[in-house]
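First the structure, in the form of structure tokens, and then the observations on it.
All of these numbers come straight from a predicted model, not from anything done at the bench.
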Amino acid sequence: MDPRPVLVVFCGGVGGSDVEELVAAARAAAGLDTIERALATEAFAGAVLVADRPAALADVPPGVEVLPAPEPFHFGQALAEVVAHYGLERVLYCGAGAAPLITGEEFAAIAARLAGDPVVVANNYYSADLVAFTPGEALARVPLPTTDNPLARLLHEHAGLPAEPLPRTIATQLDIDTPTSLTVLALYGGTGARLSRLLATAELPLAWFRQAARVFVERERTALVAGRVGSHVWQFLERETACHVRLFAEERGMQADGREERGLARSLLGMYLAEVGVVRFFTALAELADAAFLDTRVLTAHARRFPSRRDRFLSDLGRPAAIADPFLRELTAGALDAPIPVLLGGHALVSGGLMALVQAAWDEHDREQAAGS
């Protein structure tokens, strides 16, 4: 039996409107790039790709087993079926959009860690979308989750696998979950061939993001970051930016522990927004900073609004006119009319996406300096 781990990639869960199909196509492209990079290292025995639309996949790398996603889909059950069907002893699972920047060498290092004692390795212990573990039978000892986010924690708490987090880098923290991630990746670069081709033709608000990101390289300016911000992001900003930073960290884990779903999420910024209205809210942000980066999911959760995924994606792209939810439409329009650049997004905007945006700003700054010298 081949002792090397098998890469298991799940691709799907997004689709419908044009903006949702854009993210779906990007995830599929990123997933195929990921598989190709990992298999090229020869550190894996093979790959299994579980897709909700397998017939739509093009240019699948050789050596990949493509399976249709079961319907109705339950993440934990689907993963358990793959592990059981192939008798997998060592597994590296990731979502198709989870690793667009992770290199082959990094995948090989994870595979090497699975060659030893029982372990679970994840990019985020509490909200993972890349999880490597051994032995495979440990999955039978955990309550199977409906999403991948709690998988690493469950394998540790219920199956007793020692947990080892991956370093919190741009590559391990930036996944494709919204159009915000696509815009950041288009500016940052470093993506595989399939995803790079898609980003080159997509209509993304590059100028809007580039303008906001300039704040990071200018000493006398201030960036305001608000939402589900982790300590690793704060440390990154402290190390890697020239600007001052105002940070409001609120409601981390609100989705994983069900606070958002139960209407329990609360936000200080959300309270202020409700008190003064959209115009005064953004005027106040402009009094505090030269650019703002807002995790809008915290604001909508506080307001007990549950806009559709389409609406959320349209907001991330700065297209308020097409948004159905009145709260999010007004918030998005207000951001576009604000006296300072204001970027809107989900968790990625204030996590790996923000880290990548900082690096993209420095890269552009260095190019400008070199051209002027």
Quiz item: Between Asp2 and Arg4, what is the shortest heavy-atom contact and its length?
Solution: OD2-NH2, 2.7 Å

Quiz item: Gln255 and His347: side-chain contact (heavy atoms from CB on, under 4.5 Å), yes or no, with the steps?
Solution: CA-CA 11 Å; Gln255 294 176 337; His347 180 254; over 6 Å; no

Quiz item: At what distance, to the nearest 0.5 angstrom, does OG1 of Thr134 lie from CG of Asp117?
Solution: 9.5 Å

Quiz item: Step by step, would you call Leu343 with Leu357 a side-chain contact (heavy atoms from CB on, under 4.5 Å)?
Solution: CA-CA 11 Å; Leu343 299 190; Leu357 204 55; 3.8 Å; yes

Quiz item: So among Leu144, Leu139, Val120, which one has a side-chain contact (heavy atoms from CB on, under 4.5 Å) with Leu151?
Solution: Leu139

Practice problem: I would like to know whether Arg37 and Glu105 meet salt bridge (charged side-chain N to carboxylate O under 4.0 Å, His left out); could you show each step before the answer? | Solution: CA-CA 9 Å; Arg37 284 196 306 275; Glu105 292 77 7; over 6 Å; no

Practice problem: Supply the atom-to-atom distance Glu240 CD to Met355 CE, rounded to the nearest 0.5 angstrom. | Solution: 8.5 Å

Exercise. Report yes or no: do Thr169 and Thr172 form a side-chain donor-acceptor pair below 3.5 Å?
Key: yes

Quiz item: Can you tell me how far the CD atom of Gln77 sits from the OG1 atom of Thr146, to the nearest 0.5 Å?
Solution: 10.0 Å

Quiz prompt | Evaluation steps, salt bridge (charged side-chain N to carboxylate O under 4.0 Å, His left out), between Glu368 and Arg210 | solution = CA-CA 13 Å; Glu368 291 174 353; Arg210 191 178 285 114; over 6 Å; no

Exercise. Identify the heavy atoms of Thr180 and Gly345 that sit nearest to each other, and give their distance.
Key: OG1-CA, 3.6 Å

Quiz item: Can you tell me if Asn124 and Asp129 form a side-chain donor-acceptor pair at under 3.5 Å?
Solution: no

Quiz item: Is the CD atom of Glu157 crowded by more than 12 outside heavy atoms at less than 6.0 Å?
Solution: yes

Quiz item: Is there a path of hydrophobic side-chain contacts, each under 4.5 Å between heavy atoms of I, L, V, M, F, W or Y residues, that connects Leu317 with Leu299?
Solution: yes

Quiz item: Are Val6 and Val91 side-chain neighbours, meaning at least one heavy-atom pair lies under 4.5 Å?
Solution: no

Practice problem: Determine, using the 4.5 Å side-chain heavy-atom cutoff (strictly less than), whether Val184 and Val217 are members of one ILVMFWY cluster. | Solution: yes

Quiz prompt | Reported OH-to-CD distance for the pair Tyr188 and Gln359, which is rounded to 0.5 angstrom | solution = 6.0 Å

Quiz item: What is the minimum heavy-atom distance between Gln173 and Asn123, and which atoms define it?
Solution: NE2-O, 3.0 Å

Quiz item: Are the charged groups of Arg304 and Glu260 less than 4.0 angstrom apart, N to O?
Solution: no

Quiz item: How far apart are the C-alpha atoms of Arg297 and Thr178, what are their side-chain angles, what is the distance that settles it, and do they pass the side-chain contact (heavy atoms from CB on, under 4.5 Å) test?
Solution: CA-CA 12 Å; Arg297 280 51 167 179; Thr178 75; 3.4 Å; yes

Quiz item: So do Val64 and Val48 actually touch side chain to side chain, heavy atoms under 4.5 Å?
Solution: no

Self-check item: Non-hydrogen atoms of Thr241 and Trp362 that approach each other most closely
Solution: CA-NE1, 4.3 Å

Self-check item: Within 6.0 Å of CG in Asp18, more than 12 heavy atoms from elsewhere
Solution: no

Practice problem: First locate atom CZ of Arg319, then atom CZ of Phe313, and finally report the distance between them rounded to the nearest 0.5 Å. | Solution: 12.0 Å

Quiz prompt | Aromatic plane relationship, Tyr272 with Phe281 - under 30° parallel, 30 to 60° tilted, over 60° perpendicular | solution = tilted

Practice problem: Could you pull out the closest heavy-atom pair between Ala249 and Val229, with the gap in Å? | Solution: CB-O, 3.8 Å

Quiz item: Among Arg309, Arg27, Arg310, which residue meets the salt bridge (Lys or Arg N to Asp or Glu O under 4.0 Å) test with Glu20?
Solution: Arg309

Self-check item: Test: Glu250 and Arg228 ion pair at under 4.0 Å
Solution: no

Quiz prompt | Shared hydrophobic cluster for Val342 and Phe216 (ILVMFWY, side-chain gaps under 4.5 Å) | solution = yes

Quiz item: Any link between Tyr86 and Leu114 through a network of hydrophobic side chains (Ile, Leu, Val, Met, Phe, Trp, Tyr) touching at under 4.5 Å?
Solution: no

Exercise. Evaluate the criterion salt bridge (charged side-chain N to carboxylate O under 4.0 Å, His left out) for residue pair Glu251 and Arg259; output intermediate values, then yes/no.
Key: CA-CA 9 Å; Glu251 284 299 343; Arg259 289 198 308 279; 2.6 Å; yes

Quiz item: Leu328 and Ser315: which non-hydrogen atoms are nearest, and at how many Å?
Solution: CD1-OG, 3.7 Å

Quiz item: Does the side-chain contact (heavy atoms from CB on, under 4.5 Å) test come out yes or no for Leu22 and Leu204, once each step is laid out?
Solution: CA-CA 10 Å; Leu22 172 63; Leu204 300 168; 4.3 Å; yes

Quiz item: Taking 4.0 angstrom as the limit, do Glu287 and Arg246 come out as a salt bridge?
Solution: no

Quiz prompt | Main-chain N/O of Pro307 paired with Arg312 side-chain donor or acceptor, under 3.5 Å | solution = yes

Quiz item: Does any non-hydrogen side-chain atom of Phe236 lie less than 4.5 Å from one of Arg168?
Solution: no

Self-check item: Side-chain touch Leu161/Phe133, heavy atoms, less than 4.5 angstrom
Solution: yes

Exercise. Please check if Leu349 and Ile323 belong to a single hydrophobic cluster, counting links between Ile, Leu, Val, Met, Phe, Trp and Tyr side chain heavy atoms closer than 4.5 Å.
Key: yes

Exercise. May I ask you to test the Val350-Leu294 pair for a side-chain heavy-atom distance under 4.5 Å?
Key: no

Practice problem: Step through it carefully: locate the ring centre of Phe293, locate the ring centre of Phe209, and say whether they are under 6.0 Å apart. | Solution: no

Self-check item: Ring centroid separation Phe327 to Phe306 under 6.0 Å
Solution: no

Quiz prompt | OG1 on Thr300 to CG on Leu331, rounded to 0.5 Å | solution = 8.5 Å

